[in-house]
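Notes follow once the structure below has been shown.
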Amino acid sequence: MAVPLIRPRGLSPLARFVLSVLAFLPVTFAIWYFAASLILWPPALLSEWIARGGFGDIVRAVDQNGATLAFTTALKPGQTVAGGVITVDVNMLLYAFGLPLFAALTVAAREPHRARVLALGYAVLVPAIAWGIVADFLKNIAITAPIQVVTQTGFSAWQREAIAFAFQFGSLILPAVAPAVVWVLTHRAFLERIRRAPAA
Amino acid sequence: MIRFFAFFIGLLALLFGLELTPWAQDWFVVPWTTALARVSTWLVALADGGVVATGKVIRSTTNGFAVSIEAGCNGVEATIVLLAAMIAFPAPWKHKLLGLLAGIVAVQGLNVVRVISLFYLGQWNREVFEWAHLYVWQALIMLDVLIVWLIWVRTLPRVEGTRDPPPPSSPTPAIA
C-alpha cells in the first residue's frame, strides 16, 4: 500500500533559501562597502604583484587608497608635455561585488563550517578580482589612452586584442559568475538536498 | 560535477568570445539592446508618457535625463551564463530547451525591471543610481540566473544509477 507523502506546509526549501539570501544581501553589501579597504587589500596586493612582475617597465608604483588602486606608470602624457606621468585609478569595487553575493549565499544556506567556506571562497575569488583590476589598468593604457601614450606601451595588435578580451571577460563575466561557481562547488550537499526536497 | 564545470567554463568563454565579434554585435547584440530599450520604454509609457527610446537610449522628455543600455546591462551576458549552465548540465535536450525558454524570459524580465528602475533612480539620486547600477543590480541579475538554474535542476527527471553527490544526511559540507 502506498503511503502518501507528508509535505511541510509553507514555503519550499528553495523559496526559503532565496528569501534568506535577499535578507542577507543588504547586510553583506554594507559590510563589504564599509570594510572595503581591508577586504580589498589582498586583491590590491596581488594586482600590484602581477603588474610589477608582468609590466615592470611600465609600472612605477601601485598605491591603495580605500577601494581605489592607483597605478603610477612610466608613460608620458605626450611628447609636447614636459614632465608628468600617466596614472590610472581603478575602482576595485567594480570587480568585487561578487564577494557580498557569495557571503549572502553561504550564510543563507546555513551549512556547517560556514566560516571555513567563506574563507575558502574569499581566497578563490581574490585572483578573479585581481584579474579585473589588472585588466582594467591595461585597458586604460593600451586601448583607451591617447595614441601617443598607447605607442609607448609597446603592445602589439594581438596583445591589445587579448587585453580587450581579458577586460571584457574580467568585467562582464568573472565578477558575477565566479562567486556563483565557487558557491555551487562548496555547497553540493546542500544543492542535492534542495533538489530532492518536495515542492511546497 | 568537475566535467560539468569544465564544459560550462569552456562553453561560457566560447559564447562570450562569439558575442564580442562584430558580426554578433551587429546582428544580435545591437538589435537585442534596441528591442530592450523599446520594451522598457513601452512599459514605462503605460504610466509615464514623457519617455522616448532612440536606439539603445531611453530619454525623459520632461527633464532630459537619459540612460544608454550598454554591455553588461542588456542581459546578454546573463543569458549566455544561463545558456552555458543549462547546456553543460547533463539533462534531456527537451528539458534544456524548455528550461532555456523559461529561463531567458525570467532573466530578461528582471533585466527590464533593472533598466526601468535605473532610469528612475538616476533622475532621483545619482549616487544611489551608481550604486544600484554598478554593484547591486549586477549581483541581483546573477542571483536570478542562479535561482533559475536551481529551479530548472529541480524539475529534471532523476535517472536511477547516476552518480549523485553525497546524500543529504551527510553532516559535513562537500568542499571541492
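Order of the sequence lines fixes the chain letters, A, B, ..., with proteins taken first and strands second; residue numbering starts at 1 for each chain.
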Any side-chain heavy-atom pair of B/L20 and A/F165 under 4.5 Å: yes
Distance from B/T155 atom OG1 to A/R195 atom CZ, nearest 0.5 Å? 9.0 Å
Would B/F5 and A/V184 count as a side-chain contact (heavy atoms from CB on, under 4.5 Å) here? Give the steps. CA-CA 10 Å; B/F5 272 107; A/V184 168; 3.6 Å; yes
Report which part of B/L146 has an atom under 4.5 Å of a heavy atom belonging to chain A: side chain, backbone, both, or neither. side chain
Hydrophobic clusters here meaning ILVMFWY residues chained together by side-chain heavy-atom distances under 4.5 Å, can you tell me if B/V30 and B/W32 are in one? no
Between A/V177 and B/E77, is there a side-chain heavy-atom distance shorter than 4.5 Å? no
Quick check: closest heavy atoms across B/M142 and A/A180, and the distance to 0.1 Å? CE-CB, 3.9 Å
A/L172 and B/V76: CA distance, side-chain angles, deciding distance, side-chain contact (heavy atoms from CB on, under 4.5 Å) verdict: CA-CA 10 Å; A/L172 296 176; B/V76 172; over 6 Å; no
Which bit of A/V21 is near chain B, if near means a heavy-atom gap under 4.5 Å: side chain, backbone, both or neither? side chain
Toward chain A, the part of B/V153 with a non-hydrogen atom under 4.5 Å: both
Structural part of A/L94 lying under 4.5 Å from a heavy atom of chain B: both
With ring-ring contact (aromatic ring centres under 6.0 Å, His included) as the test, pick out the partner of B/Y135 among A/Y95, A/F29, A/W32. A/W32
Hydrophobic clusters here meaning ILVMFWY residues chained together by side-chain heavy-atom distances under 4.5 Å, can you tell me if B/V105 and B/L100 are in one? no
Do B/F16 and B/V29 belong together in a cluster built from hydrophobic side chains that touch within less than 4.5 Å? yes
Does some side-chain heavy atom of B/V136 sit less than 4.5 Å from a side-chain heavy atom of A/L25? no
Do B/L150 and A/V18 touch side chain to side chain, with heavy atoms closer than 4.5 Å? no
Considering residues, nucleotides and ligands other than B/N63, do more than 12 of their heavy atoms fall under 6.0 Å from its CG? yes
Could you tell me which portion of A/L14 (side chain, backbone, both or neither) has an atom closer than 4.5 angstrom to a non-hydrogen atom of chain B? side chain
Same cluster (ILVMFWY, side-chain, under 4.5 Å), B/W93 and B/L83: yes
Most heavy-atom pairs under 4.5 Å with chain B, out of A/G98, A/A176, A/A109, belong to A/A176
Applying a strict 4.5 Å limit to non-hydrogen atoms, the region of B/I141 in contact with chain A is neither
What part of A/L101 is in contact with chain B, defined as an atom under 4.5 angstrom from a non-hydrogen atom: side chain, backbone, both or neither? side chain
